[in-house]
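Below, read A as the first sequence line, B as the second, and so on, with proteins coming before strands; counting in each chain starts at 1. Predicted model, so just to flag it, every value in this text is computed and none were measured.
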Amino acid sequence: MYRILFLGTPEFAVPSLRALATDERFEIVGVVTQPDRHVGRKGTITPPPIKVAAQELGIETIKQPEKLKDEEFITWIEEIGPTCDAFVVVAYGKIFRPWFLELPKKGLVNVHASLLPRWRGASPINAAIAEGDEKSGVSIMMIEEEMDAGPVLAMTETEIANNETAQTLHDRLSTMGADLLPMTLADYLEGKIKPTSQNQDLATYCKMITREDGKADWNEPAEVLERKLRAYTPWPGLWMEVDGKRIKILAADPIDQPGGKPGDRVSIHGEPAVICADQTVLILKEVQPENKPVMSGADFLKGNAWN
RNA sequence: CGCGGGAUAGAGCAGUCAGGCAGCUCGCCAGGCCCAUAACCUGGAGGUCGUCGGUUCAAAUCCGACUCCCGCAA
């Protein structure tokens with residue numbers, strides 16, 4: 001059995017951990033994940049999904065260092081690291097320094113949610129939808145010092161549907177990564193496949209998303225805004241401000257219709273709409289005003305000033 | 001005990017600060033108008049004002065507790 005240390009944090013990484021933990025070829029010697037954080041409206045302390053999954057899988061060694069430089073963690077990792085054939089990293093959430101990359105015998109293997117070298121960085125799933133890519137996928141690659149730039153071991157593609165949200169694509173890629181990981185990892189450790197360098201010239205990059213990214217810019221065409229809506233679902237979503245109050249736009253239709261200035265609020269067939277760039281209009285099909293439950297655009301229009 | 005908002009007719013909302021007839025828009029039902037309607041006109045039905053208790057001549061409104069929902073922050 002190959003000795004593997006797993007590093008990961010969010011829901012995206014859970015299928016990969018399960019796939020490895022239930023595979024007879026691998027022994028998970030430990031799981032490293034982010035510390036428990038305050039989560040939710042009441043600020044209750046919640047463990048990251050990977051911690052919960054690891055406990056369910058009966059993995060006893062779970063480390064949650066605040067920083068990779070914590071002395072206690074360094075002592076532990078320097079002892080166990082060299083006994084591992086590889087570390088597997090799936091959305092752990094921290095950048096690894098060179099000393100860390102040299103710990104396991106055959107390096108760090110990473111599952112990345114894009115078709116590298118496209119969309120290196122922190123939000124590949126969102127970027128693929130926001131930019132209107134026709135396909136996405138998962139890449140399994142070797143971690144090197146430069147972010148997401150290491151050579152690739154394997155890839156799987158998937159079509160992006162025209163109603164795809166970051167949520168649905170996230171879930172599918174999460175499963176695809178888990179399906180591809182065990183075989184790829186075993187083949188790599190057995191020397192059956194070699195990493196292939198990325199074409200640096202084709203690399204594109206995406207940044208960490210912030211709440212402000214979700215604010216609707218009506219100087220963009222409606223089609224782009226609708227893509228952003230899906231790209232930023234469930235967070236931060238597409239939103240706008242009306243009379244100082246935030247309104248989330250949960251579903252919208254872009255249409256071509258001349259007239260009006262970008263940002264003008266109009267109503268079309270009883271539904272709220274906003275003029276966008278290039279003679280386009282975004283119809284708001286489903287919205288959620290601040291402190292209100294989700295409602296249809298038509299319902300919203302009945303009780304709120306709009307025009 | 002992280003900060004804050006909300007619950008009123010089937011839907012969306014006003015009314016609460018300053019207690020005094022239960023309102024608006026839409027939908028629904030009936031009728032009218034029109035070549036036509038996602039248009040217009042007339043009439044109608046539909047409410048334990050989230051729950052429990054308190055104050056008061058009188059509570060959607062003031063006070064207390066509770067339930068449920070949501071925005072922000074992380």
Side-chain angles (χ1 to χ4, degrees), chain A residues 7-14 32-53 62-70 91-95 121-123 125-126 165-167 170 206-217 222 225 228-260 264-275 280-307:
Chain A
L7 300 93
T9 302
E11 200 64 43
F12 184 84
V14 170
V32 181
T33 190
Q34 300 270 350
D36 296 359
R37 305 286 191 196
H38 291 278
V39 169
R41 231 183 293 284
K42 293 172 183 173
T44 49
I45 293 181
T46 306
I50 278 293
K51 181 182 183 181
V52 176
I62 299 174
K63 298 292 182 183
Q64 298 180 276
E66 192 66 49
K67 299 177 179 179
L68 294 178
K69 289 179 293 186
D70 288 351
Y92 173 57
K94 290 194 188 305
I95 294 173
S123 58
I125 298 172
N126 315 82
T165 68
Q167 180 79 68
H170 165 282
C206 50
K207 298 175 182 175
M208 186 105 76
I209 298 172
T210 69
R211 181 170 297 281
E212 281 301 306
D213 290 326
K215 184 170 183 176
D217 178 0
L225 288 166
K228 283 192 174 183
L229 185 162
R230 290 184 283 111
Y232 297 151
T233 299
W235 189 90
L238 185 69
W239 53 272
M240 63 184 295
E241 284 182 355
V242 176
D243 299 331
K245 291 183 179 178
R246 184 187 303 256
I247 295 176
K248 286 186 188 176
I249 303 168
L250 300 177
D253 273 345
I255 63 170
D256 292 325
Q257 180 168 305
D264 282 357
R265 298 200 288 267
V266 298
S267 57
I268 297 179
H269 300 332
E271 295 185 303
V274 183
I275 308 291
T280 62
V281 175
L282 193 68
I283 299 178
L284 313 186
K285 307 293 288 188
E286 192 173 67
V287 300
Q288 181 174 25
E290 190 174 315
N291 302 331
K292 295 292 183 182
V294 176
M295 62 186 73
S296 71
D299 282 347
F300 173 79
L301 210 50
K302 287 169 189 166
N304 294 277
W306 180 253
N307 291 331

Quick one: does [X]'s side chain have a donor or acceptor within less than 3.5 Å of a partner on [Y]'s backbone?
X       : Y       : result
S123(A) : K207(A) : yes
Q64(A)  : Q34(A)  : yes
K94(A)  : E66(A)  : yes

Taking atom CG of D213(A) and atom NZ of K228(A), what is their separation to the nearest 0.5 Å?
7.0 Å

From CE (M240(A)) to CG (D217(A)), nearest 0.5 Å
12.0 Å

Please report, rounded to the nearest Å, how far the [atom2] atom of [N] is from the [atom1] atom of [X].
X       : N      : atom1 : atom2 : value
I45(A)  : A74(B) : CD1   : P     : 16 Å
W239(A) : A73(B) : CH2   : P     : 9 Å
E241(A) : G71(B) : CD    : C1'   : 12 Å
D243(A) : A14(B) : CG    : P     : 12 Å
K245(A) : G6(B)  : NZ    : C1'   : 10 Å
F300(A) : G71(B) : CZ    : C1'   : 14 Å
E271(A) : C26(B) : CD    : C1'   : 14 Å
E212(A) : C72(B) : CD    : P     : 12 Å

Between [N] and [M], how many Å separate the two [atom1] atoms, rounded to a whole number?
N      : M      : atom1 : value
U56(B) : G64(B) : C1'   : 16 Å
A60(B) : C21(B) : P     : 10 Å
U67(B) : G12(B) : P     : 24 Å
A45(B) : G5(B)  : C1'   : 34 Å
A58(B) : C24(B) : P     : 29 Å
G71(B) : A36(B) : C1'   : 45 Å
G32(B) : C70(B) : C1'   : 44 Å
C66(B) : U25(B) : P     : 39 Å

Look through every strand shown and name the nucleotide pairing with [N] as Watson-Crick or G-U wobble, where both distances are under 3.5 Å.
N      : answer
G23(B) : C13(B)
G43(B) : C29(B)
U61(B) : none
A18(B) : none
A7(B)  : U67(B)
C34(B) : none

Measure the shortest side-chain to side-chain distance between [X] and [Y] over non-hydrogen atoms and say whether it is less than 4.5 angstrom.
X       : Y       : result
M295(A) : V287(A) : yes
F12(A)  : I125(A) : yes
I50(A)  : V14(A)  : yes

Looking at A73(B), C13(B), A11(B), which one has an atom nearest to any side-chain atom of N304(A)?
C13(B)

Quick check for you: among A38(B), U25(B), A73(B), whose closest atom lies nearest to any side-chain atom of R211(A)?
A73(B)

OP1 or OP2 of G71(B) less than 4.0 angstrom from a side-chain nitrogen or oxygen of K248(A), does that happen here?
yes

Does a nitrogen or oxygen in the side chain of R246(A) sit under 4.0 Å from OP1 or OP2 of G5(B)?
no

Does anything in residues 282-295 of chain A reach RNA chain B, meaning a heavy atom under 4.0 Å, and if so which residues?
Q288(A), E290(A), N291(A), K292(A), M295(A)

Hey, are K67(A) and D70(A) close enough for a salt bridge, meaning a charged N less than 4.0 Å from a carboxylate O?
no

By nearest-heavy-atom nucleotide on RNA chain B, the more 5' of P236(A) and K302(A) is K302(A)

